[in-house]
Student: 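Below is the structure I would like to discuss, written out as structure tokens.
Hydrogens, waters and symmetry mates play no part in the numbers below; they use all other heavy atoms, side chains included. Atoms within each ligand, like the ligands themselves, are counted from 1 in listed order. None of the values given here were measured: they were computed from a predicted structure.
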Amino acid sequence: MSHPNSLPGLRGLDRASVESILDRAEVLLSVVDGDRSMEEVATERVDPAVVGLLFMEDSTRTRGSFEVAVHRLGHRPVTLVGRGSSASKGESLLDTAANLAAMGIDALVVRTGLSGGVACLAEALPLPVLNAGDGRHEHPTQGLLDASTLRASLGDLQGRRVAIVGDILNSRVARSGIHVLATLGAQIVLVGPPSLVPWRLVDVVPGARIEVSHDLDAVLEAVDAVMMLRIQRERDAGGSVASDYRNAFGMTEDRASRLAAGVPILHPGPVNRGVELDDGVLEDKSRSKVLDQVRRGVAVRMAILERALMRPGSRD
Ligand code: CP
């Protein structure tokens with residue numbers, strides 16, 4: 001059975017838990033920004049822990065911000081990546097993770113190309129296992145940091161209409177985004193070419209209001225926020241993407257100018273400049289939240305690590 005503090009995904013996480021994590025991240029953001037010390041915002045004394053970071057796929061933001069979060073909390077990271085570990089000799093993900101667990105680490109953060117792989121590790125190992133992105137399945141800390149960024153721009157997300165645009169088929173960011181936004185009461189519009197928008201996601205959250213559109217221009221003027229997605233070429237999305245993708249689904253400067261005032265534009269990174277976002281949109285600080293997402297990602301991962309490492313019985 002999975003450790004109670006594991007986080008394989010956002011599916012099934014209730015609204016009170018999501019809001020508790022986001023509220024705690026808001027407090028921890030003051031530590032990230034250097035305005036308060038960890039001692040000032042600590043809720044309980046936690047012994048220094050060792051956190052394993054197992055990244056079998058490349059990462060800049062998730063790995064970097066988990067490492068920063070571990071340090072900010074006063075813990076120590078031990079990082080293993082695919083190339084440079086014995087995975088290159090054929091050792092399985094489960095054996096690699098079990099060996100790290102046998103070294104006595106206190107929690108394990110995992111990125112893997114295997115959809116559902118993190119849930120399997122969480123079932124098999126006796127320690128908290130946190131999903132840092134697994135194949136096309138979920139990327140829960142990204143979903144939470146996106147929700148944190150949207151709340152900072154829009155306040156309560158209940159009834160807000162959020163467009164998720166692009167390669168939804170291959171995107172774990174979209175799946176976690178759908179779960180967390182639906183849990184917080186937002187309306188969701190999935191926008192992209194027919195080859196990249198699976199209709200089955202419309203029913204993925206019972207009771208959620210999820211629409212599909214293949215016409216970005218038709219939804220632009222009626223949304224409160226836009227979450228652009230990266231085209232996942234490493235997951236074979238390239239073959240499904242027309243050469244004029246930018247013209248149909250890119251956030252060009254012209255499209256950004258048609259959004260209502262204050263509508264934030266998010267992107268999980270890395271950005272394919274000139275494809276998903278024009279340079280001018282990415283650099284427009286009045287709309288682009290891309291670096292604020294990264295800043296908030298550290299605070300969200302601190303909140304998730306605190307939750308993972310807290311003493312039994314001290315969960316809210
Ligand atoms: N958003 C995101 O997961 O970025 P990285 O792949 O750089 O971690």
Student: Looking only at heavy atoms of Gly133, does any of them come nearer than 4.0 Å to an atom of ligand 1?
Tutor: no

Student: Below the 3.5 angstrom mark, is there an N/O of Pro268, backbone or side chain, next to an N/O of ligand 1?
Tutor: yes

Student: Do any N/O atoms on Thr62 end up under 3.5 angstrom from N/O atoms on ligand 1?
Tutor: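 The answer is yes, given that Thr62 and ligand 1 share an N or O pair closer than 3.5 Å.
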
Student: Output the list of atoms in ligand 1 that are nearer than 4.0 Å to some heavy atom of Thr60, sorted by atom number.
Tutor: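 Under 4.0 Å from Thr60, ligand 1 has these atoms: 5 (P), 7 (O), 8 (O).
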
Student: Considering heavy atoms of the protein only, find what lies nearest to atom 4 (O) of ligand 1 and give residue, atom and distance to 0.1 Å.
Tutor: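 Answer, as residue, atom name and distance: Arg61 NE, 3.1 Å.
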
Student: Pull out every atom of ligand 1 sitting under 4.0 Å from any heavy atom of Gln142, numbered as shown with elements.
Tutor: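 The list of qualifying atoms is 1 (N), 2 (C).
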
Student: For the residue pair Asp284 / Ser286, report whether a side-chain donor-acceptor contact shorter than 3.5 Å exists.
Tutor: yes

Student: Any side-chain donor paired with an acceptor under 3.5 Å for Ser115 and Arg136?
Tutor: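 No, Arg136 and Ser115 have no side-chain donor paired with an acceptor closer than 3.5 Å.
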
Student: At a 4.0 Å cut-off, with the gap strictly under it, does some heavy atom of Glu57 reach an atom of ligand 1?
Tutor: no

Student: Is the CZ atom of Arg11 crowded by more than 12 outside heavy atoms at less than 6.0 Å?
Tutor: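 Result for CZ/Arg11: open.
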
Student: Taking atom types as modelled, is there a side-chain donor on Arg296 or Ser148 under 3.5 Å from an acceptor on the other?
Tutor: yes

Student: Please report which non-hydrogen protein atom sits nearest to atom 6 (O) of ligand 1, along with the residue it belongs to and the distance in Å to one decimal place.
Tutor: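 Answer, as residue, atom name and distance: Arg111 NH1, 2.9 Å.
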
Student: Is it true that a side-chain atom of Glu138 and a backbone atom of Leu10 form a donor plus acceptor pair closer than 3.5 Å?
Tutor: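 Yes, the answer is positive, given that a donor and an acceptor are paired below the 3.5 Å cut-off.
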
Student: Run the numbers on Asn131 and Val110 for side-chain contact (heavy atoms from CB on, under 4.5 Å), then give the verdict.
Tutor: CA-CA 5 Å; Asn131 187 351; Val110 181; over 6 Å; no

Student: Considering the heavy atoms of Gly269, write down every atom of ligand 1 situated less than 4.0 Å from one of them.
Tutor: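 What qualifies from ligand 1 is 1 (N), 2 (C), 4 (O).
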
Student: Under a 3.5 Å threshold, yes or no: a donor from one side chain and an acceptor from the other, between Thr62 and Arg111?
Tutor: yes

